[in-house]
Amino acid sequence: MLRHIALRPLLKVLACLCLLAPMLLVALEQDAQKLIALVRDNYGESAAQRVTQWQALLEQSKTESELTQLTLVNDFFNQMQWLEDQTVWGKNDYWATPSEFLGAGAGDCEDFSIAKYYSLRKLGVDDEKMRLIYVKALDYQQFHMVLAYYETPSSVPVILDNINPQILPATKRNDLAPVYSFNAQHLWLVKEQGRGELAGKSDRLKLWTELREGWQAQRMRQPILKQGTAQ
């Protein structure tokens with residue numbers, strides 16, 4: 001929804017991944033190699049390279065602390081190009097799977113947040129520690145999505161975002177007004193600065209349900225974006 005304002009410089013480990021990706025591919029698990037091949041067949045070699053770097057990042061980050069994993073995943077996906085769903089997918093609102101996001105090479109705020117969420121789940125971060133939060137970005141008067149991470153149930157969450165690439169506590173993000181949040185199981189209506197009021201199961205969100213089913217089925221929707229437009 002909102003244009004990505006600035007890109008954080010890549011961490012050294014991410015720069016290394018670009019060089020090591022061909023060698024790391026050999027070491028990746030079979031499922032990862034199958035995913036890379038599927039992306040290559042559907043989106044081409046550049047997309048396959050992006051997915052190879054993503055899978056290599058996940059492999060290399062397994063032994064890192066959760067806070068380091070947050071930084072690595074946030075920086076990796078914040079390299080991606082921000083574009084509206086209508087430009088990429090020809091739809092007013094489409095929640096892409098991480099494979100589709102990397103395949104197209106561009107996406108909007110939901111795609112950034114969802115890709116980060118799935119990456120951290122793959123790294124073993126407990127679902128109860130994360131929420132996708134639909135907010136209003138007050139500086140732009142537009143709706144937006146971010147990913148929140150709670151180190152403990154009572155912690156102030158930190159925010160992973162593509163507008164402001166610095167991971168900050170929610171108390172430092174006065175530019176965001178939460179509306180509702182969800183994870184794999186639950187949906188909350190956000191009230192003031194609290195964690196929100198439980199409003200049922202997250203499968204009440206149609207786009208979220210479709211996204212999860214698409215990820216399970218390895219959905220590979222073709223973007224309308226011209227080849228080479230997204231970097």
Side-chain angles (χ1 to χ4, degrees), residues 1-10 39 42-51 53-54 73-120 130-148 159-168 173 175-183 187 190 202 204-215 217-231:
M1 289 186 175
L2 286 170
R3 186 169 182 79
H4 179 200
I5 304 299
L7 296 174
R8 292 187 72 177
L10 290 179
V39 168
N42 283 272
Y43 301 108
E45 187 57 39
S46 294
Q49 290 178 9
R50 288 191 289 270
V51 174
Q53 292 169 18
W54 175 43
V73 167
N74 193 56
D75 283 342
F76 178 82
F77 282 103
N78 280 354
Q79 300 174 79
M80 300 292 289
Q81 184 178 5
W82 185 96
L83 286 175
E84 293 181 348
D85 285 334
Q86 191 63 244
T87 301
V88 180
W89 304 107
K91 299 185 70 172
N92 288 332
D93 200 6
Y94 182 74
W95 291 11
T97 68
S99 302
E100 291 172 321
F101 180 34
L102 291 168
D108 68 359
C109 60
E110 289 95 348
D111 304 326
F112 281 84
S113 299
I114 288 166
K116 294 171 187 179
Y117 169 85
Y118 270 100
S119 297
L120 291 167
M130 293 190 291
R131 292 189 187 179
L132 291 152
I133 306 183
Y134 202 62
V135 302
K136 188 167 186 180
L138 301 178
D139 291 346
Y140 303 91
Q141 291 300 302
Q142 293 188 36
F143 290 106
H144 181 54
M145 186 181 285
V146 298
L147 177 63
I159 303 300
L160 284 67
D161 187 12
N162 65 293
I163 295 176
N164 183 342
Q166 184 178 3
I167 298 176
L168 295 171
R173 293 300 306 272
D175 57 316
L176 304 178
V179 180
Y180 66 84
S181 66
F182 59 97
N183 59 16
L187 169 68
V190 178
S202 58
R204 292 177 58 185
L205 301 171
K206 182 173 182 290
L207 287 171
W208 179 234
T209 299
E210 291 177 351
L211 179 280
R212 294 176 67 189
E213 291 173 350
W215 178 242
Q218 294 188 318
R219 183 183 69 193
M220 297 281 169
R221 185 183 180 93
Q222 289 299 311
I224 64 170
L225 197 67
K226 291 182 179 179
Q227 188 71 22
T229 301
Q231 301 300 320

| task | Report the relative orientation of the aromatic rings in Phe182 and Trp95; use parallel for angles under 30°, tilted for 30 to 60°, perpendicular for over 60°. | result | parallel
| message | Looking at every non-hydrogen atom in both residues, tell me the closest pair between Ala148 and Ile159 and how far apart they are. | response | CB-CD1, 3.9 Å
| remark: Closest heavy-atom pair, Ala115 versus Phe77, reported as atoms and distance to 0.1 Å, is CB-CE2, 3.5 Å
| Under 4.5 Å between any side-chain heavy atoms of Gln222 and Tyr43, yes or no? | yes
| field | Residue pair Glu110 / Tyr134, side-chain heavy-atom distance below 4.5 Å | value | yes
| request: Using the side chain to side chain contact (heavy atoms under 4.5 Å, CB included) rule, take Thr97 and Leu211 through it: C-alpha gap first, then chi angles, then the decisive distance, then the call. | output: CA-CA 6 Å; Thr97 68; Leu211 179 280; 3.7 Å; yes
| task | Dump the intermediate steps for side chain to side chain contact (heavy atoms under 4.5 Å, CB included) on Lys91 and Arg221, then the final yes or no. | result | CA-CA 12 Å; Lys91 299 185 70 172; Arg221 185 183 180 93; 3.3 Å; yes
| request: Please determine which of Val135, Val146, Asn164, Leu138 meets the side-chain contact (heavy atoms from CB on, under 4.5 Å) test together with Arg173. | output: Asn164
| Distance from Asn78 atom CG to Met80 atom CE, nearest 0.5 Å? | 10.5 Å
| Check: Asp175 main-chain N/O paired with Asp139 side-chain donor or acceptor under 3.5 Å | no
| Would a distance-only check, ignoring hydrogens and angles, find a side-chain to backbone donor-acceptor pair under 3.5 Å from Gln53 to Arg50? | no
| task | Answer yes if the ring centres of Phe101 and Phe112 are under 6.0 angstrom apart, and no otherwise. | result | yes
| message | Distance check, rounded to the nearest 0.5 Å: Asn74 atom CG versus Leu160 atom CG? | response | 4.0 Å
| Beyond-backbone contact of Leu102 with Val39, side-chain heavy atoms, under 4.5 angstrom | no
| Roughly how far, to the nearest 0.5 Å, is the CD atom of Glu84 from the CG atom of Asp108? | 8.0 Å
| note | Closest heavy-atom pair, Ile114 versus Leu132, reported as atoms and distance to 0.1 Å, is N-CD2, 4.0 Å
| query | Which atom pair, heavy atoms only, marks the closest approach of Ile133 to Ser181? | reply | CG1-CB, 3.7 Å
| request: For Cys109 and Trp82, work out which heavy atoms get closest and say how close. | output: N-NE1, 3.7 Å
| field | Leu168/Asp161 under side chain to side chain contact (heavy atoms under 4.5 Å, CB included): CA gap, chis, key distance, verdict | value | CA-CA 9 Å; Leu168 295 171; Asp161 187 12; over 6 Å; no
| task | Indicate the atoms forming the closest heavy-atom contact of Ser119 with Trp54, along with that distance. | result | OG-NE1, 2.8 Å
| query | What is the distance from atom CH2 of Trp208 to atom CG of Asn183, rounded to the nearest 0.5 Å? | reply | 8.0 Å
| remark: Residue pairs meeting salt bridge (Lys or Arg N to Asp or Glu O under 4.0 Å), one or both in residues 94-104, sequence neighbours left out, come to Glu100-Arg219
| task | To the nearest 0.5 angstrom, please state how far the CG atom of Asn162 sits from the NE2 atom of His144. | result | 5.0 Å
| said: For Tyr117 together with Trp215, are the ring centres under 6.0 Å from each other? | reply: no
| remark: OG (Ser113) and CE (Met130) are apart, to the nearest 0.5 Å, by 11.5 Å
